[in-house]
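This report refers to the structure that appears directly beneath it.
On a predicted model such as this, the values are computed, not experimentally measured, just so you know. All chains are named by letter (A, B, ...) in the order of the sequence lines, taking the proteins before the strands, and each is independently numbered beginning at 1.
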Number of protein chains: 2
Amino acid sequence: MNATAVKTANHKQIDVAAYMREKGQRARAAARLVARADTGAKNGCLFSLAQILIDEKRAILAANAEDMRLGRTNKLDAALLDRLELNEARIEAMADGVRQVAALPDPVGEMTDMKLRPSGIQVGRMRVPLGVVGIIYESRPNVTADAASLCLKSGNAAILRGGSEAMQSNQAIARCIARALRDAGLPEDAVQILDITDRRTVGELVAMPEFVDVVIPRGGKGLVAAVSNGARVPVIKHLDGVCHVYIDAEADLDKATAIAVNAKTQRYGTCNTMETLLVDAAVAQQALDRIAPIYREAGVELRGCERTRRILPDARPATEDDWREEYLAPILAIRVVDGFDEALDHIALYSSAHTDAIVTENYTKARRFLREVDSSSVMVNASTRFADGYEYGLGAEIGISTDKFHARGPVGLEGLTSQKWVVLGDGNVR
Amino acid sequence: MNATAVKTANHKQIDVAAYMREKGQRARAAARLVARADTGAKNGCLFSLAQILIDEKRAILAANAEDMRLGRTNKLDAALLDRLELNEARIEAMADGVRQVAALPDPVGEMTDMKLRPSGIQVGRMRVPLGVVGIIYESRPNVTADAASLCLKSGNAAILRGGSEAMQSNQAIARCIARALRDAGLPEDAVQILDITDRRTVGELVAMPEFVDVVIPRGGKGLVAAVSNGARVPVIKHLDGVCHVYIDAEADLDKATAIAVNAKTQRYGTCNTMETLLVDAAVAQQALDRIAPIYREAGVELRGCERTRRILPDARPATEDDWREEYLAPILAIRVVDGFDEALDHIALYSSAHTDAIVTENYTKARRFLREVDSSSVMVNASTRFADGYEYGLGAEIGISTDKFHARGPVGLEGLTSQKWVVLGDGNVR
């Protein structure tokens, strides 16, 4: 066995680069066909997939049981095993998700802004698929059906690379997808699920700009960093979520309390959870006296600047590192600031540009906050927890982008499309 | 002098990486201020710049004369010297260009699609600057004023890296820009023009994602390839323009003739010039009998497939390479195809996805062409020469993208912006 040969799920020896290039070529060819597929064919395929997933429940559960058995042998931790595990309810939820994507409006083919120009040409834009989308994810097998549906609905071919621990489950779902594509008369290569999980597949996937138009890593920071590093194709990246709530001097303290509590405690592990609370000095005593007991009751550890600790002596001293930390845990950093501009300066310096919110009744400060805070989601009098594709009405979320290029914040189906120019003439020349 | 030290225009020794990082840091700081600058301040600065360019005409011409003298000493070719040369008319045109950018609508701050969600939040998007834009260009000094204006109008900070041969001219224009920024109360670092032209500046510029949000190379294929290669920031790339016109069996031959002639002969050196003419076999004899004499008269060398050469025996045989070639010259490849699908197959295989056009009176084929041809501009009964920011009504063109991500085709001010999410609430929590 030479250096680049690995075993597939079927224990054949193969060359990773050649394997990936073949996947790429097939995806590129299929992309042309799926781009022009009409909405009826795509939705038909998705509804059929939902049904096949239900019909093949037992086969999928058997495959998943194999993964779970191997996972236990390999001593995977409990959280990972939980993400990996499928059961009847989870398969039904997977099928429901596929049906929900079918129900979304088709973004492809929409023509907008068809202006008639002085030259006589009519020019505007048509929304089109990006082409080939690579998705790299970890243990949850439901992402396989989810990602396949989103790519197909947006007219893209997909190359999916799931985690090694979910290999059998993913292959079982892959067989359902292949059947649904075949039944709908769509090319099977429109969705290819890798049957090897060699780490080099990721490196190859992001190094084939001729075959792959964008790669989306769905997983933790480590995965995102590994995928982005040295990528030669665009990557929709989701990095840190160091989110802020700023309680302004003119905040309604009922709203401030509700938002500060919700943004921190509704869920601790999500990227849109508040990690730092900023409070204007003018209302710091009042606000913190009201909010801190609720945090304490919820078991949230408080870390504060010096002025915070004068109000909340039980808070641990916050260090410089605390302002930069995405805790993803029941810990909150609190800083008292002297007014609006100091709050904005703090956010400009420490925010990861994910989601930041102000609580204020002042119209002008609300408008300034919306304009001047350069984050993917900027909010007035609302909890940062709303930064989410479903809450924003996108119907589905492919990922959240912390980049500025192409798409920012929650990315829906539209993020898997681009716009080309269309020109209608009548024999016009320059 | 150590390995990374080079001389600036003022003959100081410096470290390129440190020099570029300092520019990056200054740009990042200025970007925050210029992003929030109101339209009045930005336009005021641009109108003032236009006036300063006129007022400083003599200083600019003197600097340009130095560049020209050095260029002649270094035996630059005549075309390059022509691009480099400034005169009164060219400076007036430069000032006019700046005023035109001032007259464009400000893309920044526009809020769209503010939907009221069932949760009670109102959510939509606000158009925002990308942040820091790097522009790399060659000999024309007018690009300095042009690029600076476009970046400033779209609320971005700019780092401009011109050609070494235009160093003195660019520095003279840079002084005008700095004065205009100062006069308008905008940060001078909003537009920084490098005063060294060491090749490594390009490598550094595309390797600082922490300071630079996008880089746009404005120049030939060599420059674009050099800039894109290994870039760690997004690059708006403009590569080949292998553009097609397909004369369908149901084409109006008057329109076909006008378009085929215009698309090839109006200008030979532009990216939107047709390089391959496809003709349906059903009308090949008729169409080519009409069009070929016009090409011959214009001095266009014809290269054809076998069937073309049966109709035009004087055409040279086209090889496989001809279908892939961007001639940028009075040469045209011609291929006779059997119907619409063969034309689409040819375009899918050989087009550089820049601009492709069909000439037809058939409604269904027109619609299919628009949908199925995956190029940045797709046209019906219009000359490929229309693929241009000004013709499309963008007001200005920052570049043309042959990529699919973020922007395709002619890129206007909007291409230097992104959209963030804004959420308006009333104390809403999840």
Side-chain angles (χ1 to χ4, degrees), chain A residues 32 35-36 109 115 117 119 121 123 126 128 130-131 213-214 234 252 254-255 258-259 261-263 266 348 357 359 366 368 370-372 374-383 385-387 391-393 403-410 418-430, chain B residues 32 35-36 109 115 117 119 121 123 126 128 130-131 213-214 234 252 254-255 258-259 261-263 266 348 357 359 366 368 370-372 374-383 385-387 391-393 403-410 418-430:
Chain A
R32 197 179 151 204
R36 73 172 71 155
K115 296 198 173 75
R117 298 286 305 153
S119 63
I121 60 170
V123 58
M126 184 190 284
V128 289
L130 286 174
D213 295 292
V214 61
D252 173 326
D254 289 340
K255 294 176 188 168
I259 289 167
V261 169
N262 183 263
Q266 201 228 354
V359 186
R368 276 194 61 198
L370 291 176
R371 272 298 298 272
E372 296 178 22
D374 184 28
S375 298
S376 70
S377 287
V378 189
M379 304 183 169
V380 178
N381 294 346
S383 167
R385 289 280 297 124
F386 281 109
E391 293 293 339
Y392 284 1
D403 281 328
K404 290 182 179 181
F405 208 62
H406 184 70
R408 290 186 85 173
S418 181
Q419 287 180 304
K420 68 182 179 189
W421 293 92
V422 292
V423 174
L424 307 180
D426 195 36
N428 307 65
V429 296
R430 276 180 80 176
Chain B
R32 196 179 152 204
R36 73 172 71 156
K115 296 197 174 75
R117 299 285 305 153
S119 62
I121 62 171
V123 59
M126 184 189 284
V128 289
L130 285 174
D213 296 292
V214 63
D252 173 326
D254 290 339
K255 295 177 188 167
I259 289 167
V261 169
N262 182 264
Q266 201 229 353
V359 185
R368 275 195 61 198
L370 292 176
R371 271 299 297 271
E372 295 180 21
D374 183 27
S375 298
S376 70
S377 287
V378 189
M379 303 184 170
V380 178
N381 294 346
S383 168
R385 289 279 297 125
F386 281 108
E391 293 293 338
Y392 285 0
D403 281 328
K404 291 181 179 182
F405 208 62
H406 185 70
R408 290 186 84 172
S418 182
Q419 288 179 303
K420 68 182 179 189
W421 292 92
V422 292
V423 174
L424 307 180
D426 195 37
N428 306 65
V429 296
R430 276 181 79 179

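Looking only at heavy-atom pairs under 4.5 Å with chain A, the residue among B:Met126, B:Gln266, B:Glu372 that has the most is B:Glu372. Interface summary for chain B: among A:Gly409, A:Ser376, A:Ser375, A:Ser383, the most heavy-atom pairs under 4.5 angstrom belong to A:Ser376. Per-residue counts of heavy-atom pairs under 4.5 Å with chain A were compared for B:Arg36, B:Arg430, B:Lys420, B:Lys404; the largest is that of B:Arg430.
We find the CD-CD1 distance between B:Glu391 and A:Ile121 to be 6.0 Å, quoted to the nearest 0.5 Å. Rounding to the nearest 0.5 Å places NZ of B:Lys115 at 13.5 Å from OH of A:Tyr392. We find the CG-CE distance between A:Asn428 and B:Met379 to be 10.0 Å, quoted to the nearest 0.5 Å.
Using a cut-off of 4.0 Å between Lys/Arg side-chain N and Asp/Glu carboxylate O, A:Lys255 and B:Asp426 are scored as salt-bridged.
Using bins of under 30°, 30° to 60° and over 60° for the plane-to-plane angle, the ring pair B:Phe405/A:Phe405 lands in the tilted bin.
Heavy-atom distances place the side chain of A:Val123, and not its backbone, under 4.5 Å from chain B. At a 4.5 Å heavy-atom cutoff, the contact between A:Val214 and chain B is made by side-chain atoms alone. With a threshold of 4.5 angstrom between heavy atoms, A:Val128 approaches chain B through side-chain atoms but not through N, CA, C or O. If you measure heavy-atom distances from B:Arg32 to chain A, the contacts under 4.5 Å come from the side chain alone. The parts of B:Ser377 that come within reach of chain A are both its backbone and its side chain, each placing non-hydrogen atoms under 4.5 angstrom from that chain. For B:Val423, the parts lying near chain A are the backbone and the side chain together; criterion is any non-hydrogen pair under 4.5 Å. Using a 4.5 Å cut-off between heavy atoms, B:Arg117 contacts chain A through its side chain alone, with no backbone atom that close.
Nearest heavy-atom pair across B:Ala382 and A:Gly425 is CB-CA, 4.2 Å. Contact record, B:Ala258 with A:Gly427: CB-O, 4.5 Å, taken as the closest heavy-atom pair.
The shortest distance between side-chain heavy atoms of B:Leu370 and A:Leu424 falls below 4.5 Å. Side-chain contact between B:Val429 and A:Ile259 is present, with at least one heavy-atom pair separated by less than 4.5 Å.
B:Phe386 is linked by a ring pair (Phe, Tyr, Trp, His ring centres under 6.0 Å) to nothing, counting only residues two or more places apart in sequence or in another chain.
For the pair B:Trp421 (side chain) and A:Arg408 (backbone), a donor-acceptor distance under 3.5 Å is present.
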